[in-house]
> 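There's a structure below that I have some questions on.
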Amino acid sequence: MRLTILGGGGFRVPLVYGALLGDHAEGRVSHVTLYDEDPDRLAAMTRVLADLAAAAAVPDAPAVTATRDLDEALRGADFVFSALRVGGLEGRAADERVALAEGVLGQETVGAGGVAYGLRTVPVARAIARRIARVAPEAWVINFTNPAGLVTEAMAEELGDRVIGICDSPVGLGRRIARLLGARPEEAWIDYVGLNHLGWVRGLRIGGRDELPRLLADTKALESFEEGRLFGAEWLRSLGAIPNEYLHYYYFNRDTVRAYLEAGQTRGAFLRDQQRGFYAEAGRAGLPAGAALAAWDRTRAEREVTYMAENREAAGVGERDESDLESGGYEKVALALMRAIARDERATLILNVRNGSTLSVLDAGAVIEVPCLVDANGAHPMGVEQLPLHAVGLVTAVKAVEREILAAAASGSRADAVKAFALHPLVDSVAVARRLVDGYAQTHPGLAHLR
């Protein structure tokens, strides 16, 4: 099989390639094409992947080629991973800066920052979806690009159910809960439902029995893992569920914004500076074998330790525990998804797919994040219990914002953009929304028309 990675110079590409190196089954990926507009990032990432292949010492490592020609990258692809960052990390840092100047959250996918990121990403995602439909109509598209649910919904306008979004947050959360309850994660059924970065674990069944109430009753166990420390045992028991970590931005918004304002550097600015250093080192001429991979490993370790640092500061819980540092495993989800489709190996995975009739509060085309049964015909959302009223409010409000982003990206209308910002639960004034649009229009060339 042939796999194309759009955003092939991106920092997390080695996670995907590393997972492919461990896959020795028949029908595995034999060729990976990296597509990126930045030649320096492509060159650095090609070096890291070569180091990975050499370290793995497998005789049939997938061949790697790199290109800046999109049609060339897509031609003949069986699967396409879309992992773009429109505007780069400089854009993310600007998203944070403009929002914080107005006293509101500027996180990458949540609040004003997520709206801004969506406004400049959706037009690019739509254009790429049209190219895929023309050049590689039989390819399956697996979307990693944030905001993942919104971008998947935009691409589905052209690709239908052949685009599927994935995220590692639900995977990591389910794994941590299962291990606390003494179960192997792959043996547990996780009742998870919501939107991307806005979902809840409402049950975890082991051998047909829901063990989540046992965890909720155990304060010591609840406060021994990342989400338990972030939200606190009392609030989790009040909800009767374990929220995705990104809901901390909603439930503790004022505390988190204060922590962001007091931080010496925002997350986007930290990653921008960190990755500049990594790409400069990995792309340096005369680098010995293995050095690019070593630089990537060091950078990744630092990245994981500092993840959601402001939220932990707001919650007063200190550094991440070693048990929380393992990545969510989005590359493993992607590999399992490819296997299920390509080899008809049925699997149950939490994915971003079109709703159909799964959640009655949303229309059929709305992309949601729920457990899905995957087979050769794609991903099929499984039946879930309906959301409680407090969750209905958040999910429908944020989906309404996503729809306004889609409309604004299509129309180029300032009024539509203002509406998208103003309707977000974490933007507290229409006047603030107007100033946000002005700030982002001045900062991002692609949004200049919104002035």
Side-chain angles (χ1 to χ4, degrees), residues 109-111 114-115 118 122 142-143 146-157 159-171 173-174 177 188-205 210 212 227 236 238-251 333 337 347-375 377-407 420 423-426:
T109 61
V110 178
V115 176
V122 164
I142 300 177
N143 178 56
N146 277 327
L150 169 66
V151 171
T152 301
E153 189 164 327
M155 297 185 82
E157 295 167 358
L159 301 172
D161 292 330
R162 294 192 79 85
V163 58
I164 300 165
I166 68 172
C167 179
D168 55 357
S169 289
V171 177
L173 174 55
I177 295 174
W189 162 256
I190 303 168
D191 177 7
Y192 182 94
V193 64
L195 307 179
N196 181 241
H197 290 178
L198 191 77
W200 297 261
V201 172
R202 305 178 300 175
L204 191 137
R205 295 190 173 276
D210 186 5
L212 187 62
E227 288 78 8
L236 295 182
S238 294
L239 290 173
I242 311 293
N244 182 295
E245 60 201 346
Y246 283 83
L247 273 152
H248 193 266
Y249 294 114
Y250 294 88
Y251 293 143
V333 180
L337 178 55
T348 302
L349 302 167
I350 298 173
L351 301 167
N352 287 268
V353 296
R354 293 199 288 189
N355 176 47
S357 59
T358 308
L359 290 180
S360 61
V361 297
L362 296 174
D363 60 70
V367 166
I368 60 175
E369 193 168 73
V370 289
C372 297
L373 178 64
V374 188
D375 57 21
N377 295 312
H380 317 284
M382 303 179 75
V384 296
E385 293 183 14
Q386 296 305 298
L387 291 162
L389 196 57
H390 68 86
V392 168
L394 276 175
V395 165
T396 54
V398 172
K399 181 54 70 176
V401 171
E402 291 184 353
R403 290 292 168 76
E404 295 302 330
I405 294 170
L406 293 172
L423 290 181
H424 199 286
L426 301 183

> Using atom types as modelled and distance alone, determine if a side-chain donor or acceptor of Asn355 lies under 3.5 Å from a backbone N or O of Ala366.
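No: the side chain of Asn355 does not pair with the backbone of Ala366.
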> Does Lys399 come within less than 4.0 Å of Glu153, counting only side-chain N to carboxylate O?
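The answer is yes: the pair qualifies as a salt bridge.
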> Look at the side chain of Asn143 and the backbone N and O of Ala148, then say whether any donor-acceptor pair between them is shorter than 3.5 Å.
yes
> Taking all non-hydrogen atoms of both residues into account, name the closest pair between Leu150 and Gly118 and its distance.
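Smallest interatomic distance, heavy atoms only, reads CD2-CA, 3.8 Å.
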> Nearest 0.5 angstrom please: Leu247 CG to Ile242 CD1, how far?
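That separation rounds to 12.0 Å.
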> Taking the side chain as everything from C-beta on, heavy atoms only, tell me whether Leu349 gets closer than 4.5 Å to Cys372.
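When only atoms from C-beta onward are counted, Cys372 and Leu349 do not touch, as no gap falls below 4.5 Å.
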> Are any non-hydrogen side-chain atoms of His390 and Leu239 less than 4.5 angstrom apart?
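His390 vs Leu239: side chains touch.
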> Within the structure provided, determine whether Tyr249 and Leu198 are in side-chain contact (heavy-atom separation under 4.5 Å).
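The answer is no; the side chains never approach within 4.5 Å.
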> Parallel, tilted or perpendicular: which describes the rings of His424 and Tyr250, with under 30° parallel and over 60° perpendicular?
parallel
> What is the distance from atom CH2 of Trp200 to atom CG of Leu236, rounded to the nearest 0.5 Å?
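That separation rounds to 13.0 Å.
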> Locate the shortest heavy-atom distance separating Val370 from Gly194; write the atom from each residue and the value.
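Taking Val370 first and Gly194 second, the nearest heavy atoms are CG1-N, 4.5 Å.
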> Should Val193 and Leu359 be marked as a side chain to side chain contact (heavy atoms under 4.5 Å, CB included) after you check the CA-CA gap, both sets of side-chain angles, and the distance that decides it?
CA-CA 9 Å; Val193 64; Leu359 290 180; 3.8 Å; yes
> Do Ile166 and Asn352 have side-chain heavy atoms sitting under 4.5 Å apart?
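Result no, sub-4.5 Å side-chain heavy-atom pair not found.
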> Indicate the atoms forming the closest heavy-atom contact of Leu406 with Ala154, along with that distance.
CD2-CB, 3.7 Å
> Could I get the full list of salt bridge (Lys or Arg N to Asp or Glu O under 4.0 Å) partners for Glu369, not counting sequence neighbours?
none
> Report yes if the side chains of Val353 and Asp161 come closer than 4.5 Å at any heavy-atom pair, otherwise no.
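Heavy-atom side-chain distance check fails, nothing below 4.5 Å.
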> Should the pair Arg403-Asp363 be classified as a salt bridge under the 4.0 Å nitrogen-to-oxygen rule?
yes
> If you look at every heavy atom in Gly174 and Ile190, which pair is closest and at what distance?
CA-CD1, 3.5 Å
> Heavy atoms, side chains only, cut-off 4.5 Å: are Leu351 and Leu337 in contact?
yes
> Rounded to the nearest 0.5 Å, what's the gap from CH2 on Trp189 to CG on Asp210? Could you check?
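Answer rounded to 0.5 Å: 12.0 Å.
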> Working to the nearest 0.5 Å, report the span between CD1 of Ile350 and CG of Asp168.
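Going from the CD1 atom of Ile350 to the CG atom of Asp168 covers 11.5 Å.
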> So, for Asn196 and Cys167, which heavy atoms are closest and what is the spacing to 0.1 Å?
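Asn196 and Cys167 have their closest heavy atoms at ND2-CB, 3.3 Å.
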> Which residue, Asn146, Asn244, Thr109, forms the side chain to side chain donor-acceptor pair (under 3.5 Å) with His197?
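Result: among Asn146, Asn244, Thr109, Thr109 is the only option passing the side chain to side chain donor-acceptor pair (under 3.5 Å) with His197.
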> Please answer whether the main-chain N or O of Ile368 pairs with a side-chain N or O of Arg354 as donor and acceptor at a distance below 3.5 Å.
no
> Under a 4.0 Å threshold between the charged nitrogen and the carboxylate oxygen, would Asp191 count as salt-bridged to Arg205?
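Judged by the 4.0 Å cut-off on N to carboxylate O distance, Arg205 and Asp191 do not form a salt bridge.
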> May I have the step-by-step check of side chain to side chain contact (heavy atoms under 4.5 Å, CB included) for Glu402 and Val367, ending in yes or no?
CA-CA 10 Å; Glu402 291 184 353; Val367 166; over 6 Å; no
> Just how far is it from atom OH of Tyr192 to atom CD1 of Ile177, taken to the nearest 0.5 Å?
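Tyr192 OH to Ile177 CD1: 10.0 Å, rounded to 0.5 Å.
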> What's the shortest heavy-atom distance between Ala241 and Pro243, and which atoms?
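Heavy-atom minimum between the residues: O-CD, 3.7 Å.
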> Nearest 0.5 angstrom please: Leu362 CG to Ser357 OG, how far?
12.0 Å
> Would you confirm whether Gln386, through its side chain, and Thr358, through its main-chain N or O, come within 3.5 Å as a donor-acceptor pair?
yes
> Please report, to 0.1 Å, the donor-acceptor pairs under 3.5 Å made by any side chain of residues 377-384, with sequence neighbours excluded.
{"residue": "His380", "atom": "NE2", "partner": "Asp375", "partner atom": "OD1", "Å": "2.9"}
{"residue": "His380", "atom": "NE2", "partner": "Gly378", "partner atom": "O", "Å": "3.4"}

